[in-house]
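Both backbone and side-chain heavy atoms feed into the values below; hydrogens, waters and symmetry mates do not.
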Amino acid sequence: MRIVRLLGFTSLVCALFAGCRTAHTITASSPVSAHLGIYFVQGVVKELKPDGVTAVIQHEAVSNYMAAMTMPFRVKQPSELAGLQAGDEISFRLLVTDNESWIDRVSRTGRKPLLAGKTNLTASAREQRASPERHPLLDFNFTNELGQPVRLSQFKGQALAITFFFTRCPIPDFCPRLSKNFEEASEKLAVRPAGPTNWHFLSVSFDTEFDTPAVLRAYGARYHYDPRHWSFLTGPKDKITELAQLSDVAIEPDGAFFNHSFRTMIIDAGGHLQMSFPIGGNLSDAIVTEIVKAATAR
């Protein structure tokens, strides 16, 4: 795994907790499962990412799988995207396993005029500066999957892992992978010899209308969560949006679904940002390593 320094990151904890130490980011990849679903899809290219293997595509509804939306798709061979431009109408094959998804057989079928792009929701967050005063979100009552009020300030002294998701996300290597990371990390921490006990995971849903406490509790059960160490949070839309923006997470509603970026943060027991993962993928081992280190910090 490659670790690089994360520069210019105005995070939630800089504003909410004791301050920021130098944060880092880390990359990872996920294994491929043998359970394969195959779907044939039509869409329009909205953006080609600089990595050469990712295209943001506005696609039609995929029958018996997911609604129409705009989202990034990866290819395994860069040649699949060769010659494409934003605005190209395409057909492609979507392959989905238990752990990841990718597209292939990408074919240009036409051309569609481009509309003005949407505003990046994190722009204002990046302009914000951490306040030396106690941030009001620290003591705001969010609601967990048990219907109980939860304040971020109550976790001071614990190592935290925080991520953002929504339960209806259909792509296995997006939100389901984030939750799988917490499930696997929880299991590894629970059986670790002389492992820390002062740790907690927070999965924050930005689908505030659909993801009620009951929905979150049922979702958590699918991942065998232990409420003593893992909470699923919801709350008023404006407060969740503020929390996400301060954490540098971009969220755009797209019909009944959302386009969003990834962010898993590790906060040490002293309330400092220790690590930031701005990616999806299999991070469970890295989360365990960081939580063990974070639990001893003061």
**Student:** Hey, are the side chains of Gln148 and Thr143 touching, using non-hydrogen atoms and a 4.5 Å cut-off?
**Tutor:** no

**Student:** What ring-ring contact (aromatic ring centres under 6.0 Å, His included) pairs are there with at least one residue in residues 177-197, not counting sequence neighbours?
**Tutor:** Phe182-Phe201, Phe182-Trp230

**Student:** How about Asp238 and Thr241: does a side-chain donor come under 3.5 Å of a side-chain acceptor?
**Tutor:** no

**Student:** Counting only heavy atoms not in Arg108 (residues, nucleotides, ligands), do more than 12 fall under 6.0 Å from its CZ?
**Tutor:** yes

**Student:** Within the side chain of Asp268, is there an N or O that forms a donor-acceptor pair under 3.5 Å with the backbone of Leu273?
**Tutor:** no

**Student:** Could you measure the distance from the OG1 atom of Thr264 to the CZ atom of Phe165? Nearest 0.5 Å is fine.
**Tutor:** 12.0 Å

**Student:** Could you go step by step and tell me if Phe140 and Leu152 meet the side chain to side chain contact (heavy atoms under 4.5 Å, CB included) rule?
**Tutor:** CA-CA 8 Å; Phe140 181 81; Leu152 298 179; over 6 Å; no

**Student:** Determine, stepwise, if the pair Arg177 / Glu184 fulfils salt bridge (Lys or Arg N to Asp or Glu O under 4.0 Å).
**Tutor:** CA-CA 10 Å; Arg177 181 64 248 184; Glu184 293 171 353; 2.8 Å; yes

**Student:** In the single-linkage hydrophobic clustering (I, L, V, M, F, W, Y; side-chain heavy atoms under 4.5 Å), do Val215 and Phe142 co-cluster?
**Tutor:** no

**Student:** Do Ile38 and Trp102 sit in one hydrophobic cluster, given that two such residues count as connected whenever their side-chain heavy atoms are within less than 4.5 Å of each other, even indirectly?
**Tutor:** yes

**Student:** Closest heavy-atom contact between Gln158 and Trp199?
**Tutor:** OE1-O, 3.5 Å

**Student:** How many angstroms lie between OG1 in Thr167 and CG in Asp211, if you round to the nearest 0.5 Å?
**Tutor:** 3.5 Å

**Student:** So that I can tick it off, tell me whether Asp173 and Arg74 are bridged by a salt bridge, with the cut-off set at under 4.0 angstrom between side-chain N and carboxylate O.
**Tutor:** yes

**Student:** Between Ser91 and Gln42, what is the shortest heavy-atom contact and its length?
**Tutor:** CB-NE2, 3.6 Å

**Student:** Go through the side-chain N and O atoms of Tyr219 and Glu145 and say whether any donor and acceptor fall under 3.5 Å apart.
**Tutor:** no

**Student:** Closer than 3.5 angstrom, by distance alone: can the side chain of His229 be matched with the main-chain N or O of Ser186 as a donor-acceptor pair?
**Tutor:** no

**Student:** Does either side chain, that of Ser231 or that of His200, offer a donor lying less than 3.5 Å from an acceptor on the other one?
**Tutor:** yes

**Student:** Which heavy atom of Ser261 sits nearest a heavy atom of Asp248, and at what distance?
**Tutor:** OG-O, 4.1 Å

**Student:** Check the pair Val41 / Glu60 against side chain to side chain contact (heavy atoms under 4.5 Å, CB included), numbers first and verdict last.
**Tutor:** CA-CA 7 Å; Val41 191; Glu60 64 182 11; 4.1 Å; yes

**Student:** Check the pair Phe262, Phe277 against ring pair (Phe, Tyr, Trp, His ring centres under 6.0 Å), reporting the backbone distance first and the verdict last.
**Tutor:** CA-CA 8 Å; Phe262 298 111; Phe277 302 93; over 10 Å; no

**Student:** For the CE atom of Met265 and the CG atom of Leu202, what is their distance to the nearest 0.5 Å?
**Tutor:** 9.5 Å

**Student:** Do Glu252 and His260 have side-chain N/O donor and acceptor atoms under 3.5 Å apart?
**Tutor:** no

**Student:** Can you tell me if Asn181 uses its side chain to pair, donor with acceptor, with the backbone of Leu283 under 3.5 Å?
**Tutor:** yes

**Student:** So, the side chain of Thr234 versus the backbone of Ser205: is there a donor-acceptor pair under 3.5 Å, distance only?
**Tutor:** no

**Student:** Using a 4.5 Å cut-off on heavy atoms from C-beta on, say whether the side chain of Phe232 contacts that of Asn144.
**Tutor:** no

**Student:** Looking only at side-chain N and O atoms, does Ser284 offer a donor or acceptor that is under 3.5 Å from a partner on Asn282?
**Tutor:** yes

**Student:** Between Arg168 and Asp207, is there a salt bridge with N-O shorter than 4.0 Å?
**Tutor:** yes

**Student:** Measure the spacing between OH of Tyr225 and CD of Glu183 and express it to the nearest 0.5 Å.
**Tutor:** 13.0 Å

**Student:** Step by step, work out the ring pair (Phe, Tyr, Trp, His ring centres under 6.0 Å) result for Phe206 and Phe164.
**Tutor:** CA-CA 7 Å; Phe206 43 76; Phe164 295 81; 7.3 Å; no

**Student:** Mind checking whether His59 and Phe92 have ring centres under 6.0 Å apart?
**Tutor:** no

**Student:** Count the heavy atoms of every other residue, nucleotide or ligand shown that sit under 6.0 Å from CD of Gln154, and state whether that count exceeds 12.
**Tutor:** yes

**Student:** Would a single hydrophobic cluster contain both Leu146 and Leu216, if residues Ile, Leu, Val, Met, Phe, Trp and Tyr are joined by side-chain heavy-atom contacts under 4.5 Å?
**Tutor:** yes

**Student:** List the steps and the verdict of side chain to side chain contact (heavy atoms under 4.5 Å, CB included) for Gln245 and Val249.
**Tutor:** CA-CA 5 Å; Gln245 288 181 337; Val249 175; over 6 Å; no

**Student:** Between Asp285 (side chain) and Val288 (backbone), is there a donor-acceptor pair under 3.5 Å?
**Tutor:** no

**Student:** Start with the C-alpha gap between Arg263 and Thr163, add the side-chain angles, then the distance that decides, and say whether side chain to side chain donor-acceptor pair (under 3.5 Å) holds.
**Tutor:** CA-CA 6 Å; Arg263 182 74 63 185; Thr163 196; over 6 Å; no

**Student:** Rounded to the nearest 0.5 Å, what's the gap from CG on Leu95 to NZ on Lys76? Could you check?
**Tutor:** 9.0 Å

**Student:** Does a salt bridge link Arg228 with Asp226, judged by any charged N lying under 4.0 Å from a carboxylate O?
**Tutor:** yes

**Student:** For Asn198 and Ala295, indicate whether the former's side chain and the latter's backbone hold a donor-acceptor pair under 3.5 Å.
**Tutor:** yes

**Student:** Donor-acceptor pair, distance only, cut-off 3.5 Å: does the side chain of Asp88 make one with the backbone of Thr109?
**Tutor:** no

**Student:** Quick check for you: to the nearest 0.5 Å, what is the distance between Leu160 atom CG and Ile266 atom CD1?
**Tutor:** 8.5 Å

**Student:** Under a 3.5 Å cutoff, is there a donor and acceptor pairing between the side chains of Glu290 and Gln274?
**Tutor:** yes

**Student:** Given side chain to side chain contact (heavy atoms under 4.5 Å, CB included), test Arg111 with Gln85 step by step and report yes or no.
**Tutor:** CA-CA 9 Å; Arg111 180 81 183 163; Gln85 300 178 23; 3.7 Å; yes

**Student:** For Pro176, does its backbone N or O pair with a side-chain atom of Ser179 as donor and acceptor, under 3.5 Å?
**Tutor:** no

**Student:** Check whether Val56 and Phe174 end up in the same hydrophobic cluster, where Ile, Leu, Val, Met, Phe, Trp and Tyr are linked by side-chain heavy atoms less than 4.5 Å apart.
**Tutor:** no

**Student:** According to a hydrophobic-cluster definition based on side-chain heavy atoms being under 4.5 Å apart (Ile, Leu, Val, Met, Phe, Trp, Tyr only), do Phe210 and Val204 belong together?
**Tutor:** no

